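Note that the structure is a prediction, hence the values are computed from the model and not measured. Lettering follows sequence order; numbering is per chain, from 1.
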2 protein chains.
Amino acid sequence: MSDSKKSDIQIIQALRNKGYKATPQRITICRFALSSREHPSAQKVYSEVKKIHSTVSLSTVYKTLQVLKELGMLQELSSSLSQTRFDPNVKLHINLVCLQCSTIEDLDDPVERELIRRISGSAEFTVTEHHLDVYGVCRKCKTKAKA
Amino acid sequence: MSDSKKSDIQIIQALRNKGYKATPQRITICRFALSSREHPSAQKVYSEVKKIHSTVSLSTVYKTLQVLKELGMLQELSSSLSQTRFDPNVKLHINLVCLQCSTIEDLDDPVERELIRRISGSAEFTVTEHHLDVYGVCRKCKTKAKA
DNA sequence: CTTATTGCAAACACTTTGCACTCTC
DNA sequence: GAGAGTGCAAAGTGTTTGCAATAAG
């Protein structure tokens with residue numbers, strides 16, 4: 001089980017390991033960003049964290065999300081939605097982006113692995129990261145549309 | 001051969017078919033955007049078109065690129081690069097994005113089709129479009145790095 | 001006590017919009 | 001000649017940066 005849910009202690013250690021200080025703001029931001037499954041935007045993280053830490057600034061949120069990316073604990077998704085979204089699932093996976101409600105769902109498919117393996121195999125291009133973003137309408141919105 | 005290279009006459013017809021006027025600016029923009037294989041940004045299209053049509057504005061370029069998207073003649077790529085890039089190849093394909101030189105290359109792979117077919121098959125999500133963006137270092141930059 | 005971090009405001013880059021003038025059809 | 005399109009400048013986004021005050025180690 002490589003659960004992405006991290007305890008505060010794990011978060012603090014991960015930060016300190018790389019020489020980052022474990023400030024209360026950072027811990028709160030990390031706690032939310034690393035446990036959320038809704039692929040939050042920076043704004044979303046900000047408004048959630050603000051509930052707990054009313055003085056936190058958006059710029060601290062942006063900076064902390066960059067730190068988490070650097071630590072490899074967060075993936076940045078540049079979808080065609082206006083805002084960048086963040087995903088604590090850093091494993092190989094597909095993002096299902098609903099164009100109606102902006103929900104992003106994760107999906108696993110072994111074929112994807114095969115695909116990337118093949119691209120990496122052809123010595124023409126060295127793959128460092130990749131995103132498979134699929135756009136459409138999710139089940140919820142489809143059901144809603146019928147009504 | 002469904003060549004993406006369009007003649008001026010084809011461009012004019014496509015525009016008029018949908019009620020758009022075929023202005024010289026538009027034709028010049030289309031001519032470049034639809035034949036370029038370098039996945040140009042709006043800025044790039046602008047500076048190329050400016051060579052021919054010195055008074056063209058960036059806003060006209062943006063508007064025309066939207067029209068071309070609407071006509072299904074152009075695909076918008078929201079990569080993690082700062083600027084949106086446009087691709088006249090609207091068929092199913094993979095984008096190889098070089099993080100060093102910002103070059104984007106198209107790649108075809110039948111596995112991709114299978115992948116999308118499978119996602120569409122599971123009635124959970126209705127796929128309308130998708131992008132498979134692979135990031136890394138292209139052959140050119142790799143060779144350069146060795147030197 | 002040193003140094004990183006915070007939070008604010010200001011700067012940024014890309015894209016979109018409002019509007020008077022112009023050109024297509 | 002009617003209405004869409006142009007080009008300008010101005011507004012809008014989301015994100016980043018500079019810096020004095022603050023807090024972590």
**Q** Looking at the side chain of A:Ala22, which of C:dG18, D:dG25, C:dT15 is the nearest nucleotide?
**A**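 That would be D:dG25.
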**Q** So, OP1 or OP2 of D:dC8: does either fall under 4.0 Å of a side-chain N or O from B:Ser59?
**A**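 No, no such contact exists.
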**Q** If the cut-off is 4.0 Å, is B:Thr23 near the phosphate of D:dT6, judged by side-chain N/O to OP1 or OP2?
**A**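 Answer yes for this pair, as a side-chain N or O of B:Thr23 is under 4.0 Å from OP1 or OP2.
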**Q** With no hydrogens and no angle check, do the side chains of A:Thr126 and B:Lys142 hold a donor and an acceptor under 3.5 Å apart?
**A**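 Looking only at side-chain atoms, B:Lys142 and A:Thr126 do form a donor-acceptor pair, the distance falling under 3.5 Å.
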**Q** Mind checking if A:Ser41 touches a base, just sugar-phosphate, or nothing, with heavy atoms under 4.0 Å?
**A**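 No contact at all - A:Ser41 keeps every heavy atom at 4.0 Å or more from the nucleic acid.
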**Q** Let me know the distance between CG of A:Leu77 and C1' of D:dG14, rounded to the nearest Å.
**A**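 The answer, rounded to whole Å, is 16 Å.
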**Q** Between C:dT6, D:dT16, D:dA24, which nucleotide gets closest to the side-chain atoms of A:Tyr62?
**A**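 Side chain of A:Tyr62 sits closest to D:dT16.
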**Q** Nearest whole Å is fine: how far is C:dT6 P from A:Lys63 NZ?
**A**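 Answer to the nearest Å: 8 Å.
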**Q** In whole angstrom, give the distance that lies between atom CD of B:Glu70 and atom P of D:dG5.
**A**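 In whole Å, D:dG5 P and B:Glu70 CD are 10 Å from each other.
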**Q** Of all the heavy-atom pairs spanning B:Lys91 and B:Gln75, show the shortest one and how long it is.
**A**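 Closest heavy-atom pair between B:Lys91 and B:Gln75: O-OE1, 4.2 Å.
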**Q** For C:dC14, take OP1 and OP2 only and decide whether either is under 4.0 Å from a side-chain N or O of B:Ser82.
**A**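 Answer is yes, contact under 4.0 Å.
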**Q** Establish whether the base of C:dT3 is bridged to the side chain of A:Lys21 by a donor-acceptor pair shorter than 3.5 Å.
**A**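 Pair found.
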**Q** Among A:Ile52, A:Ile27, A:Val45, find the residue that satisfies the side chain to side chain contact (heavy atoms under 4.5 Å, CB included) test when tested with A:Phe32.
**A**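 That would be A:Val45.
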**Q** Using only side-chain N and O atoms of B:Gln25, determine if any of them is under 4.0 Å from OP1 or OP2 of D:dG7.
**A**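 Yes, B:Gln25 has a side-chain N/O under 4.0 Å of OP1/OP2 on D:dG7.
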**Q** A:Gln66 has an atom CD; how far is it from atom P of C:dA4, in whole Å?
**A**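 Answer to the nearest Å: 19 Å.
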**Q** Output yes when at least one side-chain N/O atom of A:Ser57 is less than 4.0 Å from OP1 or OP2 of C:dC8, else no.
**A**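 Negative; the distance criterion is not met.
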**Q** Rounded to whole Å, how long is the line connecting atom CZ of B:Phe86 with atom P of C:dT15?
**A**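 From B:Phe86 CZ to C:dT15 P: 7 Å.
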**Q** Just the rounded figure in Å: distance from P of D:dG5 to OH of B:Tyr20.
**A**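 Rounded to the whole Å, the gap is 7 Å.
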**Q** Does the A:Arg26 side chain pair with the main chain of A:Lys21, one donor and one acceptor, at a distance under 3.5 Å?
**A**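 Yes, because the side chain of A:Arg26 sits within donor-acceptor range (under 3.5 Å) of the backbone of A:Lys21.
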**Q** I need the CZ-P distance between A:Arg85 and D:dG14, as an integer number of Å.
**A**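 Taking CZ of A:Arg85 and P of D:dG14, I get 12 Å after rounding.
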**Q** If you assign A:Thr64 and B:Ile12 each to the DNA chain C nucleotide with the nearest heavy atom, which residue ends up on the more 5' nucleotide?
**A**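 By nearest-heavy-atom nucleotide position, the 5'-most residue is A:Thr64.
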**Q** At less than 4.0 Å, is any side-chain N or O atom of A:Thr84 found next to OP1 or OP2 of D:dT15? Yes or no.
**A**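 For D:dT15, OP1 or OP2 has a side-chain N or O of A:Thr84 closer than 4.0 Å.
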**Q** With distance as the sole criterion, is a donor-acceptor pair present between the side chains of B:His39 and B:Asp87 under 3.5 Å?
**A**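 Yes, side-chain donor-acceptor contact under 3.5 Å.
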**Q** Would you kindly give the CG-to-C1' distance between B:Leu81 and D:dT15, to the nearest whole Å?
**A**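 The distance from CG of B:Leu81 to C1' of D:dT15 comes to 16 Å, rounded to the nearest Å.
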